[in-house]
Chemist: 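Let me give you the structure first, and then I'll get to my questions.
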Amino acid sequence: MNTIILNSILSCLALFFDDEYGYLAMIFLDVLNKEQREAAETLTGPLLIVAGAGSGKTRALTTRIANLIAQGVARPWQILAVTFTNKAAKEMKTRVDKLLEKHFPGHDPKHTPTIGTFHSICARILRSHPELIGREKSFVIYDDMDSESLIKRVMKEKMIDDERTKPRAVLGAISNAKNRLKGPEQLRLTASRSFDKTVADLYIEYEKHLKQNNALDFDDLLLCTVRLFQEHPEVLDHYQEKWRFISVDEYQDTNHVQYVLTKLLASKYRNLCVIGDSDQSIYGFRGADIRNILDFEKDYPEAKLIKLEQNYRSTQTILDAADAIIEKNKQRKSKKMWTEQKGGDPIQIWHLSSEYEEAERIATEIGRLRREEEATLNDIVILYRTNAQSRVLEEALLKAGYPYKVIGGVRFYARKEVKDILSYLRIILNPNDTDSLLRIINVPTRKIGGTTIHKLQEFAVGRSLTLGEVMKHIEMVTELPENTRDRLSKFWAQVEGWKEQSQKLPVSELMERIIKDIGFKVFLEDGTEEGEMRYENILELVSVATKYDGLEPVESLSSFLEEVALVAETDKLMHEEDAITLMTLHSVKGLEYSYVFIAGCEENLFPHSRTLYNPEELEEERRLMYVGVTRAMERLYLVAAKQRQIFGEYQHNPISRFVHDIPESLTEREGMEKTKAYHYEPVVSEFDQRPKEEILERLTAEQKFKDGDRVRHASFGEGIVVERRGDLVTIAFKDKLWGIKKFAANIAPLEKIV
């Protein structure tokens with residue numbers, strides 16, 4: 001026995017001296033369940049982890065990363081982990097760092113795995129090779145508002161009416177093309193409608209302006225990285241060697257360009273671990289392709305499949321309800337969720353008279369939860385399918401005196417005053433950023449009006465210059481009066497002075513200098529409470545910037561602007577104040593609450609009317625309900641109204657089919673007969689067999705018409721579809737006497753002109 005003990009001690013010592021990590025490698029695996037541990041111990045080759053809601057996927061993924069290092073299979077700098085939000089990336093990095101610090105005393109904190117979002121990782125890659133994508137290293141990243149401002153300017157130059165052709169629709173089409181790795185010429189070749197041809201032309205000009213401005217939009221970060229890898233194999237090889245072990249979180253949410261990017265990076269060593277859940281794929285409207293996770297084993301036939309089915313969040317009652325809803329879907333990796341929390345409170349299903357009774361009943365129940373169960377408001381979330389539903393809910397909460405926060409309002413970084421200061425910083429970093437310059441050239445007012453700006457732009461376009469280049473030599477613009485040129489010259493001298501200061505000052509001090517020099521406090525504080533709040537937002541922006549004060553000045557500025565461009569709305573979700581949270585079902589993914597109310601569980605609202613005759617979209621609606629249900633930890637409420645006014649009209653819809661999918665034994669129902677089930681027409685096999693006229697009668701505007709379609713109205717004549725929203729269609733008529741009008745698609749006498 002003593003010999004055995006001695007040999008064990010000697011073996012441990014040998015392991016200790018042979019591998020600084022190995023002797024502790026097994027300790028942190030003991031906290032995992034069987035499937036999590038199997039995932040953490042599968043270190044090489046392709047691996048698919050199907051992780052159900054609340055199954056501890058982040059723990060499994062981060063422990064696996066630590067174990068790669070512990071076993072000596074990979075060095076920290078050879079590991080790349082990618083996710084979708086800054087919040088998720090930060091949490092993953094924190095967990096990995098804690099594991100390494102706790103269990104591996106010899107670990108050098110300077111050498112850690114690369115963990116970030118797709119966009120932040122790509123931005124880092126492109127900063128290292130800007131010349132290969134036709135940019136300078138100081139390129140700026142345009143967010144949605146910047147891109148919209150630019151496309152409006154391009155449309156104005158091309159004399160395209162933005163009332164008839166919506167800038168956001170154009171941007172959406174360009175974004176969709178980029179996410180499918182299509183350039184302007186490819187888009188033109190496949191264009192079948194006049195709108196598509198217009199988009200292709202605008203796409204070309206939009207790209208020219210981006211390059212001229214030394215800017216990339218959000219989609220470019222991924223697109224340009226893929227093209228960089230495809231066109232420069234030596235660069236791809238460098239990153240394949242750098243990151244030999246790759247993990248991708250929420251793989252079901254990847255789109256085509258993210259799929260190609262991941263496949264390129266992993267193609268050499270094939271050490272690719274993806275983790276996700278096909279049942280939580282709810283971002284198809286953003287381009288997410290559920291086939292990426294469903295077909296993973298086709299792409300990697302040697303892949304190992306592990307399912308995480310034990311749930312640590314919800315009661316078994318909630319999980320059984322969720323499984324009953326989602327099992328109707330065909331496009332999924334099957335799994336069966338279970339928990340040690342057996343039983344649980346029955347799911348409350350209320351079918352009430354109207355949206356007002358729905359809101360009042362929810363507010364009343366919240367009061368009961370606070371009194372009888374000592375629930376805090378932070379424990380409660382109210383979910384809905386469309387933002388339009390929030391108004392009545394907000395009114396009921398205000399009436400009851402409950403504080404609340406709506407996720408999905410105006411984002412902090414989208415507020416005007418914040419965007420203004422960020423634009424100042426952008427032109428300091430990159431004087432060729434024309435759109436940022438246009439935004440603040442007269443903010444605060446410098447008596448530079450629209451006529452002056454128009455002449456400056458004409459001068460720049462006529463000589464293929466950026467607006468910044470024109471400002472630098474403003475004396476050349478003789479079309480402008482001398483006093484106007486003097487004002488512009490003084491302003492640009494300020495910009496150049498700030499640029500010099502940016503070489504010496506960290507970004508927070510530079511920002512304070514700008515705010516003082518332009519008198520921004522006086523400009524914002526107009527004596528109203530709103531003015532004070534605007535200035536408080538600027539103070540908050542300065543405090544955010546102080547995080548970068550420890551960097552070199554130029555890096556401080558560029559890093560801060562990069563974070564602002566990449567930050568996501570849900571990253572800023574704060575829980576310090578005690579308030580009820582209201583948000584759409586699309587926004588709640590990744591969160592959890594003790595008490596979950598899902599309002600508006602009715603046909604044509606949830607599932608949405610536009611999905612009823614598209615099998616794939618209907619399955620995504622079902623996944624959206626699954627996501628909402630699995631956010632609940634203790635209690636779930638599904639609420640519907642027999643009558644609801646939405647988008648300006650009253651609707652009388654039956655309770656959602658998703659509610660009927662839940663076994664009665666798991667529920668307590670009010671306002672609906674327990675034995676009554678609504679009959680839903682099949683949407684797959686019989687769809688093509690129905691008479692065409694019947695199908696068209698049931699379609700919404702978004703299904704019946706497309707932007708750019710030519711139509712004929714019985715009274716107003718010919719027109720062009722410029723916008724669709726639910727059952728409403730907006731048409732610009734050829735006869736200017738009628739102008740632009742909105743119609744209910746299923747009622748108006750409209751005929752498509754082929």
Side-chain angles (χ1 to χ4, degrees), residues 50-58 83-85 87-88 249-254 275-290 292-294 308-309 311-315 317-337 339 347 380-387 389 407-408 568-570 573 581-601 605-608 611 616-639 656-659 661-662:
V50 175
S55 63
K57 71 179 178 66
T58 304
T83 188
F84 279 83
T85 68
K87 180 182 177 183
D249 191 17
E250 303 287 6
Y251 193 65
Q252 78 280 351
D253 293 334
T254 52
I275 188 167
D277 182 7
S278 57
D279 292 338
Q280 296 185 69
S281 179
I282 60 172
Y283 297 126
F285 66 98
R286 294 181 188 168
D289 191 343
I290 192 174
N292 293 346
I293 192 167
L294 294 177
L308 305 184
E309 297 174 300
N311 179 281
Y312 295 92
R313 175 189 297 156
S314 308
T315 65
T317 297
I318 292 170
L319 295 179
D320 288 346
D323 281 340
I325 292 169
I326 202 63
E327 68 181 9
K328 296 286 182 72
N329 273 5
K330 294 181 179 179
Q331 295 188 84
R332 63 186 298 256
K333 292 276 187 184
S334 64
K335 63 182 186 307
K336 184 72 174 176
M337 299 298 296
T339 179
I347 294 161
I380 301 167
V381 67
I382 305 174
L383 304 174
Y384 35 81
R385 178 64 180 81
T386 66
N387 277 307
Q389 293 171 250
I407 306 304
E569 179 181 316
T570 52
L573 183 58
T581 301
L582 281 75
M583 67 172 80
T584 65
L585 284 138
H586 281 103
S587 300
V588 77
K589 191 164 172 288
L591 304 175
E592 60 184 32
Y593 293 86
S594 297
Y595 308 95
V596 172
F597 294 85
I598 302 181
C601 295
L605 185 57
F606 191 26
H608 198 283
T611 70
E616 290 188 0
E617 291 184 7
L618 187 57
E619 286 210 352
E620 181 153 318
E621 289 288 289
R622 190 177 292 279
R623 292 194 292 269
L624 190 57
M625 173 62 93
Y626 177 83
V627 166
V629 168
T630 54
R631 298 312 96 194
M633 298 167 66
E634 297 179 29
R635 192 168 293 179
L636 174 66
Y637 302 81
L638 304 178
V639 194
S656 172
R657 66 189 69 195
F658 304 148
V659 174
D661 289 337
I662 302 172

Chemist: Which pair of non-hydrogen atoms, one from V588 and one from Y593, has the smallest distance, and what is that distance?
Modeler: CG2-CE1, 4.2 Å

Chemist: Strictly distance-based, threshold 3.5 Å: is any side-chain N or O of E620 a donor or acceptor partner for the main-chain N or O of G284?
Modeler: yes

Chemist: Heavy-atom distance under 4.5 Å between the side chains of H608 and E617, does that happen here?
Modeler: no

Chemist: Taking Q280 for its side chain and G276 for its backbone only, find out whether a donor-acceptor pair lies under 3.5 Å.
Modeler: no

Chemist: What pair of heavy atoms forms the shortest contact from T85 to A88, and how long is it?
Modeler: OG1-N, 3.0 Å

Chemist: Could you measure the distance from the OG atom of S314 to the CG atom of D320? Nearest 0.5 Å is fine.
Modeler: 11.0 Å

Chemist: Would you say that L605 contacts Y384 through its side chain, given a criterion of any heavy-atom pair below 4.5 Å between the two side chains?
Modeler: no

Chemist: At what distance, to the nearest 0.5 angstrom, does CG of L294 lie from CD of Q331?
Modeler: 6.5 Å

Chemist: Holding to ring pair (Phe, Tyr, Trp, His ring centres under 6.0 Å), I want the full list of residues that pass it with Y595, two or more places apart in sequence or in another chain.
Modeler: none

Chemist: For a quick test of reading the model, state the closest non-hydrogen atom pair linking F606 to L585 and the distance between them.
Modeler: CE2-CD1, 3.6 Å

Chemist: Sort out for me which residue in Q252, K335, K333, R623 forms a side-chain hydrogen bond (donor to acceptor under 3.5 Å, both in side chains) with D279.
Modeler: K335

Chemist: With rounding to the nearest 0.5 angstrom, report the CZ to CD1 distance, R657 to I325.
Modeler: 13.0 Å

Chemist: Is there a donor-acceptor pair under 3.5 Å between the side chain of T339 and the backbone N or O of N311?
Modeler: yes

Chemist: Tell me, do D253 and K589 make a side-chain contact under 4.5 Å, heavy atoms counted?
Modeler: yes

Chemist: Looking only at heavy atoms, which two atoms of A321 and I347 are closest? And how far apart?
Modeler: CB-CD1, 3.2 Å

Chemist: Just verifying a value: how many Å separate I293 CD1 and D277 CG, rounded to the nearest 0.5 Å?
Modeler: 7.0 Å

Chemist: Quick check: do D661 and R622 have side-chain heavy atoms less than 4.5 Å from each other?
Modeler: yes

Chemist: Which atoms form the tightest heavy-atom contact between L636 and V629, and what is the distance?
Modeler: CD2-CG1, 3.7 Å

Chemist: Classify the angle between the aromatic ring planes of H586 and F285 as parallel (below 30°), tilted (30 to 60°) or perpendicular (above 60°).
Modeler: perpendicular

Chemist: Does any non-hydrogen side-chain atom of I290 lie less than 4.5 Å from one of E619?
Modeler: no

Chemist: Could D249 and K57 be called an ion pair, given the rule that one side-chain N must be under 4.0 Å from one carboxylate O?
Modeler: yes

Chemist: The criterion is ring pair (Phe, Tyr, Trp, His ring centres under 6.0 Å); which residues satisfy it with Y626, sequence neighbours excluded?
Modeler: none

Chemist: Judged by atom type as modelled, is there a donor-acceptor pair below 3.5 Å linking the side chain of S281 to the main-chain atoms of S278?
Modeler: no

Chemist: Measure the CG-CD1 distance between L383 and I407 for me, rounded to the nearest 0.5 Å.
Modeler: 11.5 Å

Chemist: So how far is it from R631 CZ to I598 CD1, rounded to the nearest 0.5 Å?
Modeler: 10.0 Å

Chemist: Is I318 close to R313 at the side-chain level, that is, under 4.5 Å between some pair of heavy atoms?
Modeler: no

Chemist: Is a side-chain donor or acceptor of E309 paired with a backbone partner of K336 at a separation under 3.5 angstrom?
Modeler: yes

